[in-house]
Every structure is written in C-alpha cells, then in structure tokens.
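Each remark here refers to the structure printed beneath this line.
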Protein chains: 2
Amino acid sequence: MGTLTKIRAAAAPAVDEPRELPLGRILPGDCVAAMRSLPTASVDLVFADPPYNLQLGGDLNRPDGSHVDAVTDHWDQFASFAAYDKFTREWLAEARRVLKPDGALWVIGSYHNIYRVGAILQDLGFWLLNDIVWRKTNPMPNFRGTRFTNAHETLLWASTGEKARYHFNYRAMKTLNDELQMRSDWVIPVCGGQERLKENGHKAHPTQKPEALLYRVLLATTEKGDVVLDPFFGTGTTGAVAKRLGRQWIGCEREEGYRKVALKRIEKELPLDESALETMQSRKGQPRVAFGALVEAGLLAPGAELFDRQRRWTASVRADGSIISGAETGSIHHVGKTLQGAPSCNGWTFWHLEHEGEVKPLDALRQLYLLAVED
Amino acid sequence: MGTLTKIRAAAAPAVDEPRELPLGRILPGDCVAAMRSLPTASVDLVFADPPYNLQLGGDLNRPDGSHVDAVTDHWDQFASFAAYDKFTREWLAEARRVLKPDGALWVIGSYHNIYRVGAILQDLGFWLLNDIVWRKTNPMPNFRGTRFTNAHETLLWASTGEKARYHFNYRAMKTLNDELQMRSDWVIPVCGGQERLKENGHKAHPTQKPEALLYRVLLATTEKGDVVLDPFFGTGTTGAVAKRLGRQWIGCEREEGYRKVALKRIEKELPLDESALETMQSRKGQPRVAFGALVEAGLLAPGAELFDRQRRWTASVRADGSIISGAETGSIHHVGKTLQGAPSCNGWTFWHLEHEGEVKPLDALRQLYLLAVED
DNA sequence: TTTAGCCCTGAATCAACCC
DNA sequence: AGGGTTGATTCAGGGCTAA
C-alpha cells in the first residue's frame with residue numbers, strides 16, 4: 001500500500017462498500033490506519049500481540065553477571081497508563097469494526113498490560129469467553145530473587161458481544177487433549193531453538209511467539225478458509241500457522257525489517273493437505289440418525305423396553321419411532337425430558353436397553369447403525 | 001460495631017490518631033465502612049476475595065440432567081460494569097489508606113472481574129508485582145462444550161506504589177518448591193473434602209478458598225506477627241491460616257451466618273509452634289558469614305586456589321580472607337565483579353574450589369560452616 | 001466367628017457455560 | 001425442539017480377605 005492510499009484511508013471515514021481484502025499481505029504503517037483500509041465486518045478472527053508496556057528500569061544482569069537481553073525497544077515505551085489505554089482503545093475499536101458479528105478476538109499480554117486491555121475490551125462491548133494461561137515450561141528465572149518467577153502469559157478470548165455467536169471447535173480441542181476437555185491453562189515451551197528466527201546471530205524479534213500457541217488458537221476458533229487478521233504481525237507467526245492450517249491471513253506491521261523476515265518465513269511454509277485438516281472435524285459433522293430409522297432397519301423391534309440407567313423410568317418403543325411411558329408419548333428426547341422435569345434431555349444417552357445380555361445406551365445402537373450404513 | 005459508630009466512621013474523614021486495632025475480630029457491615037474505622041497505615045497485608053460479578057443467566061445442568069449448585073447469592077449481583085467498578089474503587093481506595101507504606105495487597109478473581117480489578121488497582125497507584133495463576137487440579141468441567149474448561153483463577157499481588165518496598169520471603173518460597181524458584185502458577189486443588197465447611201449437609205459458603213492458597217500467600221509476603229486484613233472474610237480461611245502461621249488478622253464480613261462459622265472455625269485452629277515457624281526463615285536471617293571466618297576456622301587454607309565454573313579466571317586465598325587474581329585483590333565479591341566487568345557479583349556462587357575430588361561453589365563450604373557453628 | 005482394613009463402585013460436588 | 005455437552009476427587013457402602 002502506497003503512502004497516498006494510506007493517508008486517504010486514515011483520513012476518510014470507514015466506508016462499507018465492498019473492497020477486496022488484502023489476503024496474504026502485510027500492511028505497512030500504523031495498525032489503526034491500516035485497519036481503517038479494511039471493510040467493516042470482513043474478518044473472522046483477530047489475533048493481537050500488542051506491545052506489553054513493560055516498565056523496565058535500568059539494565060538487568062543475571063547473578064553470574066551476564067547481561068539479560070530484555071525488551072527495551074522504543075515501540076514498547078508508553079508515557080503512562082493513560083497513553084497506553086488510548087492506544088489500546090484505538091486499535092481495539094478498529095478491530096471490532098473489522099470483525100464479522102460472529103467473529104472473535106484474541107489478545108496476548110502479561111500482567112503489565114493485560115488488565116488494561118481486558119477492562120477496555122469489556123468497555124467496548126467485547127464479551128470475554130475465557131482467559132487462557134500460557135504456562136511456560138522454560139520461563140526466564142527471576143534473577144533478583146524479589147518476586148515469583150514470571151512463568152506465564154495471559155490470552156483473552158472474546159466474542160463481539162454478550163449475545164454474539166462464536167466458533168469453538170470443541171471436538172478438535174478434546175481430541176488434541178487426549179479425549180479430555182481442553183483446559184484454560186496451556187503448557188507450551190517458549191519459542192526457541194530452530195523455530196526462533198535469527199538475523200546475523202541475534203533474535204529477529206524480541207517477543208516471537210511459539211507456533212504451538214497459534215496452532216491451538218486457530219484450530220480452536222477458526223474454520224478452514226477463515227480470514228485471520230494480526231494487527232501486530234511482527235515476524236509473522238500468525239501468518240505462518242494460518243497458512244499451514246489452510247486459513248487466510250492479513251497482517252499489519254510498522255517495521256520494514258520484521259515485514260521482510262515474516263514474508264520470507266511464510267513463503268517457506270507449506271499448507272497441510274486436505275485430509276490432515278479433515279481429521280479435526282466436529283462430531284456435528286456426523287450424519288443425523290432418526291430414532292425411527294433404527295426401528296425401520298430392524299435393529300430395534302416395536303415393543304422393545306427402554307429404561308434409564310438407574311431404572312427409575314421405563315418406556316416402550318412404538319412402530320413409528322415414538323416411545324410411550326405411562327401417559328407420556330413422543331420422541332426419545334421429549335419423553336426423557338418430561339419424565340425428569342429437566343430443561344432438555346439427550347434421549348440417545350438417557351435411554352438404555354438390554355442387548356446381548358448387556359445394558360447399553362441407545363447411542364451404542366446408533367453407532368452400529370452408522371457403521372452398517374457406511375458399508 | 002453499632003449503627004451510630006458506623007455512620008460516624010463513614011461520615012468523618014479518616015483521623016490518624018492511634019487507635020487500637022481490632023485484632024482477631026470480624027467487623028460487621030459493609031467492608032468500606034468497616035475499614036474506615038481502622039487507622040491509616042496500620043496493616044501489613046490485605047487479602048481480598050471480592051464478589052466475582054459472575055453475571056449468570058439461567059440454571060446449569062450436567063449432561064445427565066442433574067443440577068449444578070452455582071453462586072446465586074445476592075452479594076454477587078451488580079447492575080453493570082460501572083456499578084462493579086465503583087464498588088471496586090471504593091474498597092480498594094480504603095484498603096490503600098489502611099495499608100502501611102511497605103504493605104501489600106492480594107486480590108483473587110476470575111476473568112469476570114479480575115481485569116476490572118487489575119486496571120483500577122493500577123489507576124489507584126498500586127504497583128503490580130506478579131499475577132499468580134491458581135491452577136486447579138480438579139476444576140468443574142464445561143458441561144456445555146462451548147468453551148475451554150475454566151481451570152484457573154487469578155491472584156494479583158501489588159505493592160502500594162512503584163517505588164514502595166514490600167516483603168517477599170524468597171528463601172521460604174524456594175524451599176517450599178523443592179529448591180526451585182516459586183513460579184507464578186500454583187497447582188492447588190479446589191476446596192473440598194474435610195476442609196470444606198458444611199452446615200446441615202450443605203456447603204457453608206459457595207466460594208470457600210483452599211487453605212493451601214492462603215498458606216502460600218501469607219508465607220510468601222508476611223512476617224510473623226504481621227497484621228493481615230481480609231475485607232471479604234467469608235468463612236475465615238484467611239483468619240484460620242493467619243492464626244496457624246502466627247500472623248494477626250482482622251476481618252470484615254456483612255453476613256452474620258458467615259461470621260459465626262468463621263469464628264468457630266478459627267477458634268479451633270492451633271498456631272504452629274515457634275520452631276516450626278523458624279524453619280521457614282529467610283536466608284537473610286541466617287548469620288552472615290565472612291569469607292575470612294572460613295579461613296579462620298580452617299575450612300579453607302590460605303593459598304587455596306579458587307576458580308569460576310568455566311575456569312576462565314583463577315584466584316588465590318589470602319590469610320585475611322581477601323583473594324588475589326593477577327593484579328586484582330579484594331573480597332571474593334569485588335574481585336569477581338572486576339574480572340567480569342559486571343555490575344555486581346556474588347562471590348559465594350561465582351567462585352569454586354576442589355573439595356574431596358569434587359568441584360563445589362564456595363557456598364557449599366559456607367553451609368558446612370553454618371552446620372558446624374550450630375552444633 | 002469376628003473384625004479391621006482394603007478394594008471397588010457409584011453418587012455427589014466444585015466461583016456457570018449452547019445452537 | 002432436537003441434539004449436543006462432564007473431570008478430579010471425596011466419601012459412603014458392599015464385598016472380600018487376613019489376622
């Protein structure tokens with residue numbers, strides 16, 4: 001994007017006319033101005049790693065005297081909380097405009113800035129869904145022995161509003177976590193080794209994030225083909241992982257050096273093939289089975305007796321796939337719900353039957369049916 | 001405290017005349033009014049577990065239809081973020097007044113409230129030292145499968161200002177963590193089992209905190225005899241652990257039922273004896289050992305050779321406890337610092353020697369010396 | 001035979017969370 | 001309205017074994 005375009009984009013109020021999204025490109029200049037050039041409601045996810053507003057004093061040395069290469073870059077210095085808040089409100093507001101209504105936002109930060117970001121985000125109408133703790137396996141120790149070792153950073157995940165819809169790939173996360181629900185604390189090493197980008201021996205960026213972190217974020221909260229915007233692109237971890245996972249990406253980055261490194265990096269990245277991405281699908285993708293189909297297929301005879309696990313209630317299957325229990329008739333879900341007086345009931349797991357001498361939930365029969373249909 | 005006293009305390013500006021602290025007492029009524037009755041700069045630590053402002057909607061049921069017993073108490077209801085912020089500013093400001101200049105504040109919360117608390121705390125001039133993640137080993141699952149399992153809560157630890165002093169028992173924490181620096185993520189189970197207070201079969205308080213959490217907080221950031229104030233005392237976990245650790249406590253609690261349970265609980269608590277508390281002392285409390293004393297005691301002969309771990313430098317011990325390395329002479333610390341060109345150097349850990357065929361830091365010798373002196 | 005103690009199982013519970 | 005959606009822990013009670 002040329003300077004003229006940039007200036008016009010910054011000066012003109014946002015226009016909602018459809019514009020082509022700069023997919024796979026890194027917009028130069030200030031991220032607020034850059035985001036103004038994007039259409040409203042055009043992006044599925046924003047991932048942001050803003051400056052942390054670290055309040056470092058002088059130099060830091062290890063107990064053995066060696067010097068700690070800390071974050072002292074000029075872009076991380078803010079005069080006051082007020083200045084940082086103003087900056088935060090501006091980029092968050094623009095991110096909000098650019099997001100689709102059922103899009104979502106991620107921000108990563110440390111205790112220096114995350115409380116300000118979190119409060120402002122709520123003030124702007126974003127709705128917090130989780131705060132995630134990135135628990136570092138190998139944090140830098142506290143060399144002074146004056147505080148607890150700062151062994152984590154925090155990510156905020158927010159929808160665009162309290163009632164807004166959002167995407168969460170529950171099954172993919174559960175699969176990734178060995179069939180247990182993914183928790184709000186993620187154990188991931190800091191970025192180092194081969195993954196850490198270097199330029200003539202020095203780290204190319206002081207706060208390069210591990211790809212594992214972005215992998216989990218994108219896998220959890222985007223679909224294939226979604227557009228991911230990173231307003232603080234740095235050396236492009238978001239872009240690299242997005243490309244690998246078959247997501248589209250847009251970056252904003254002021255520093256030309258970082259843009260160069262990022263483009264080179266993403267160039268080398270190879271997308272996973274279709275089949276690798278498919279395996280991460282939700283159970284919702286399974287074909288829906290009508291209870292009646294089981295009766296129809298002869299897996300279950302009309303008149304068969306169903307009962308809940310504790311055998312508090314029994315019901316009888318009818319020819320049309322409805323069931324009857326006393327005065328209650330209807331679907332397996334409806335009768336289960338009414339008998340329990342519950343707000344809802346999954347009949348597939350609530351009702352059981354004796355099958356080859358064993359007590360099994362109806363769901364087992366459904367799986368059998370699905371297997372039979374597949375062949 | 002009677003209504004009249006309360007009103008006067010609320011109306012009158014804080015007076016700095018020395019007043020007797022209500023140690024070991026739970027002040028009734030609103031915590032802001034109660035704190036106003038306390039003298040300025042009289043408390044060493046504030047630990048606060050304020051309402052989380054959970055903003056809960058309808059009922060929550062498990063997949064099996066059973067009902068989840070959630071926090072529905074009126075004290076957790078706020079009309080808006082603005083109302084919650086006002087409440088937070090008021091109690092935090094009063095806590096600030098009551099704290100000694102080198103006192104500190106802890107607040108625990110969840111993503112619903114902690115970002116507001118953190119930002120307000122910074123606005124009031126408190127200085128964040130760490131944010132601590134309480135990682136629950138046994139969190140409640142996410143029954144709807146719509147988000148990540150909320151498996152942690154956050155604690156903020158703050159001093160009264162950027163330049164303010166504060167207490168951190170580094171050695172006690174390192175000892176507690178098996179000789180590794182204590183990290184900012186603490187793995188502690190939720191409060192249950194025997195520890196969970198019950199009244200006629202039901203939990204006495206919906207959000208009782210585990211004692212292990214308070215144990216670590218008080219051990220890390222208070223000294224024996226310090227005064228700990230908890231403005232949201234609940235069933236008195238803070239008081240119970242404070243008493244056990246030989247700290248003084250003051251509580252504020254509106255609900256008479258909670259006050260009764262708390263007093264009964266703390267009554268039963270037994271303080272640890274002196275010797276148990278002594279073992280948790282800071283290394284600073286250990287008698288300081290002059291390097292010369294080791295020479296004097298014969299643990300180290302004059303002329304013995306010292307070297308750094310990488311054997312970049314060597315030095316020789318002199319009879320007076322000074323060392324010499326080339327042209328540099330002085331204390332173990334000074335020579336180490338000068339040779340490295342470092343701003344400072346801990347000679348005890350920098351210099352090594354061969355001892356019984358093994359390379360050991362001087363510090364090992366110091367420990368031997370201390371053991372010998374104790375007997 | 002009695003009985004203390006262990007193992008197994010099922011129920012309850014923990015700062016809440018739909019499309 | 002159908003159809004999704006729960007993990008670690010404690011504790012009580014039944015059955016078994018060994019002293």
Side-chain angles (χ1 to χ4, degrees), chain A residues 102 127-130 159 162-168 170-171 173-174 177-184 282-292 309-310 321 330-338 342-351 362-363 366, chain B residues 49-73 75-77 108-114 134-154 187-196 198 201-203 205-210 213 232 234:
Chain A
D102 57 352
W127 195 252
L128 278 177
L129 298 168
N130 275 119
S159 66
E162 182 176 1
K163 304 291 180 194
R165 298 177 52 171
Y166 59 90
H167 300 289
F168 180 55
Y170 178 79
R171 285 300 318 163
M173 285 300 102
K174 197 165 172 176
N177 196 36
D178 204 14
E179 286 308 310
L180 290 180
Q181 287 189 340
M182 186 67 81
R183 299 167 40 115
S184 57
S282 153
R283 175 181 279 185
K284 283 174 190 158
Q286 279 192 8
R288 182 173 288 199
V289 177
F291 178 66
R309 210 163 55 85
Q310 294 99 337
S331 75
I332 50 173
H333 314 294
H334 176 79
V335 175
K337 182 179 83 169
T338 311
S344 75
C345 170
N346 182 340
W348 291 109
T349 52
F350 177 73
W351 293 109
L362 279 185
D363 198 46
R366 175 167 59 164
Chain B
D49 182 11
Y52 283 13
N53 191 26
L54 288 178
Q55 303 137 351
L56 305 177
D59 279 4
L60 179 66
N61 291 78
R62 297 187 179 81
D64 67 4
S66 64
H67 183 254
V68 176
D69 182 17
V71 179
T72 51
D73 304 68
W75 48 254
D76 199 46
Q77 310 292 321
I108 182 166
S110 70
Y111 69 86
H112 304 88
N113 71 325
I114 201 67
W134 167 27
R135 295 178 67 220
K136 304 178 186 183
T137 56
N138 49 348
M140 189 182 292
N142 183 295
F143 294 118
R144 290 284 155 81
T146 52
R147 304 184 185 186
F148 297 96
T149 298
N150 211 341
H152 74 276
E153 294 186 25
T154 302
V187 179
I188 292 175
V190 300
C191 181
Q194 296 290 10
E195 188 186 326
R196 188 89 199 197
K198 309 249 177 173
H202 294 88
K203 50 188 176 189
H205 193 282
T207 67
Q208 186 184 337
K209 294 292 173 289
L213 200 65
F232 307 95

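Residue numbers begin at 1 in each chain, while the letters A, B, ... track the order of the sequences. None of these values were measured; they are calculated from a predicted model. For the numbers below, each heavy atom of this structure counts, side chains included, while hydrogens, waters and symmetry mates do not.
- Salt bridge status for Glu179(A) with Arg171(A): present, with a side-chain N to carboxylate O gap under 4.0 Å.
- At a threshold of 4.0 angstrom between heavy atoms, the contacts of Trp134(B) with the nucleic acid are absent.
- Counting any heavy atom pair closer than 4.0 Å across all strands shown, Pro50(B) reaches a base atom.
- The backbone N or O of Asp76(B) sits nowhere less than 3.5 Å from a side-chain atom of Asp73(B) that would complete a donor-acceptor pair.
- Both key distances under 3.5 Å define a Watson-Crick or G-U pair, and stretches of 3 or more such consecutive pairs in DNA chain D run C:2-14 with D:7-19.
- The separation of dG4(D) from dC14(C), taken at their P atoms, amounts to 29 Å, rounded to a whole angstrom.
- At least one side-chain nitrogen or oxygen of Arg309(A) sits closer than 4.0 Å to the OP1 or OP2 atom of dA11(C).
- Phe291(A) places its CZ atom 13 Å from the P atom of dG2(D), with the value rounded to the nearest Å.
- At the heavy-atom level, Tyr166(A) lies under 4.0 Å from the strands shown only through sugar-phosphate atoms.
- The Arg144(B) side chain lies nearest to dC17(C) when the options are dT5(D), dC17(C), dG2(D).
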N/O contacts under 3.5 Å, protein versus nucleotides 10-12 of chain D?
residue	atom	partner	partner atom	Å
dC11(D)	OP1	Gln194(B)	N	3.0

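- The distance between atom OH of Tyr111(B) and atom P of dA15(C), rounded to the nearest whole Å, is 14 Å.
- Contact annotation for Lys209(B): base contact, defined as any heavy-atom pair under 4.0 Å involving a base atom.
- Comparing dA15(C), dG7(D), dC17(C) against the side chain of Lys136(B) picks out dA15(C) as the nearest.
- The pair Lys203(B)-Asp69(B) counts as a salt bridge, with a side-chain nitrogen and a carboxylate oxygen less than 4.0 angstrom apart.
- The side chain of Pro141(B) lies closest to dT6(D), out of dA8(D), dC18(C), dT6(D).
- The side chain of His112(B) places an N or O atom within less than 4.0 Å of a non-bridging phosphate oxygen (OP1 or OP2) of dC17(C).
- To the nearest whole angstrom, the two C1' atoms, one in dG10(C) and one in dT6(D), are 16 Å apart.
- Note on Asn61(B): nothing from the nucleic acid sits closer than 4.0 angstrom, heavy atoms only.
- Counted by atom type alone, Tyr111(B) and Glu153(B) present zero donor-acceptor pairs between their side chains at under 3.5 Å.
- In this structure, CZ of Arg147(B) is placed 10 Å from C1' of dC18(C), rounded to the nearest angstrom.
- One N or O donor and one acceptor, one from the side chain of Ser344(A) and one from the base of dG4(D), sit under 3.5 Å apart.
- Closest contact between the side chain of Pro63(B) and the listed nucleotides dA15(C), dT5(D), dC17(C) involves dT5(D).
- Counting atom types as modelled, Lys203(B) pairs no side-chain N or O with a base atom of dA12(C) as donor and acceptor under 3.5 Å.
- Note on Asn113(B): nothing from the nucleic acid sits closer than 4.0 angstrom, heavy atoms only.
- Side chain of Arg183(A) to backbone of Lys136(B): a donor-acceptor contact under 3.5 angstrom is found.
- The CG-P distance, from Asp64(B) to dT13(C), rounds to 12 Å in whole Å.
- Residues Arg183(A) and Ala290(A) each lie close to DNA chain D; by heavy-atom proximity, the contact nearer the 5' end of the strand is made by Ala290(A).
- Side-chain atoms of Arg165(A) lie closest to dC19(C) of the nucleotides dT9(D), dC19(C), dG4(D).
- Side-chain nitrogen and oxygen atoms of Lys174(A) include at least one within less than 4.0 Å of the OP1 or OP2 phosphate oxygen of dT6(D).
- For Arg196(B), a side-chain nitrogen or oxygen approaches OP1 or OP2 of dA15(C) to under 4.0 Å.
- Looking at heavy atoms from C-beta onward, Met140(B) lies out of side-chain contact with Asn150(B) at the 4.5 angstrom threshold.
- Here the nucleotide nearest the side chain of Val190(B), chosen from dA15(C), dT9(D), dG7(D), is dA15(C).
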Check: When you look at Gln181(A) and Thr149(B), which way does the side chain to side chain donor-acceptor pair (under 3.5 Å) test go after all the steps?
Finding: CA-CA 6 Å; Gln181(A) 287 189 340; Thr149(B) 298; 2.6 Å; yes
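- Under the 30°/60° scheme for interplanar angles, the aromatic rings of His205(B) and Trp75(B) are found to lie parallel.
- The distance between atom CD of Gln181(A) and atom C1' of dT5(D), rounded to the nearest whole Å, is 8 Å.
- A distance-only check finds no donor-acceptor pair linking the side chain of Asp49(B) to the backbone of Phe232(B) [under 3.5 Å].
- Side-chain atoms of Phe143(B) and Leu60(B), non-hydrogen and from C-beta on, do get closer than 4.5 Å to each other.
- Contacts of Leu54(B) with the nucleic acid, taken as non-hydrogen atoms under 4.0 Å apart, include base atoms.
- A sub-4.0 Å separation between OP1 or OP2 of dG4(D) and a side-chain N or O of Arg366(A) is present.
- Annotation for Trp134(B) and Val190(B): closest pair CZ2-CA, 3.9 Å, computed over non-hydrogen atoms.
- Between dG2(D) and Ser331(A), a contact under 4.0 Å exists linking OP1 or OP2 to a side-chain N or O.
- Spacing between atom CG of Asn142(B) and atom C1' of dG7(D) amounts to 12 Å, rounded to whole angstrom units.
- In this structure the side chain of Tyr166(A) never reaches within 4.5 angstrom of the side chain of Asp102(A), judged on heavy atoms.
- When heavy atoms are screened at a 4.0 angstrom cut-off, Thr207(B) is found touching base atoms of the nucleic acid.
- Taking for each of Pro139(B) and Trp348(A) the nucleotide of DNA chain D with the nearest heavy atom, the 5'-most of the two is the partner of Trp348(A).
- Where Met140(B) and Gly145(B) each meet DNA chain C at their nearest nucleotide, the meeting point lying more 5' is that of Met140(B).
- Separating the P atom of dG2(D) from that of dA16(C) is a span of 29 Å, rounded to the nearest Å.
- As rounded to whole Å, 12 Å separates atom C1' of dC17(C) from atom CD of Glu162(A).
- Looking only at side-chain heavy atoms (C-beta outward), Ser110(B) and Leu54(B) come within less than 4.5 Å of each other.
- Look at CG on Leu362(A): it is 15 Å from C1' on dG2(D), rounded to the nearest Å.
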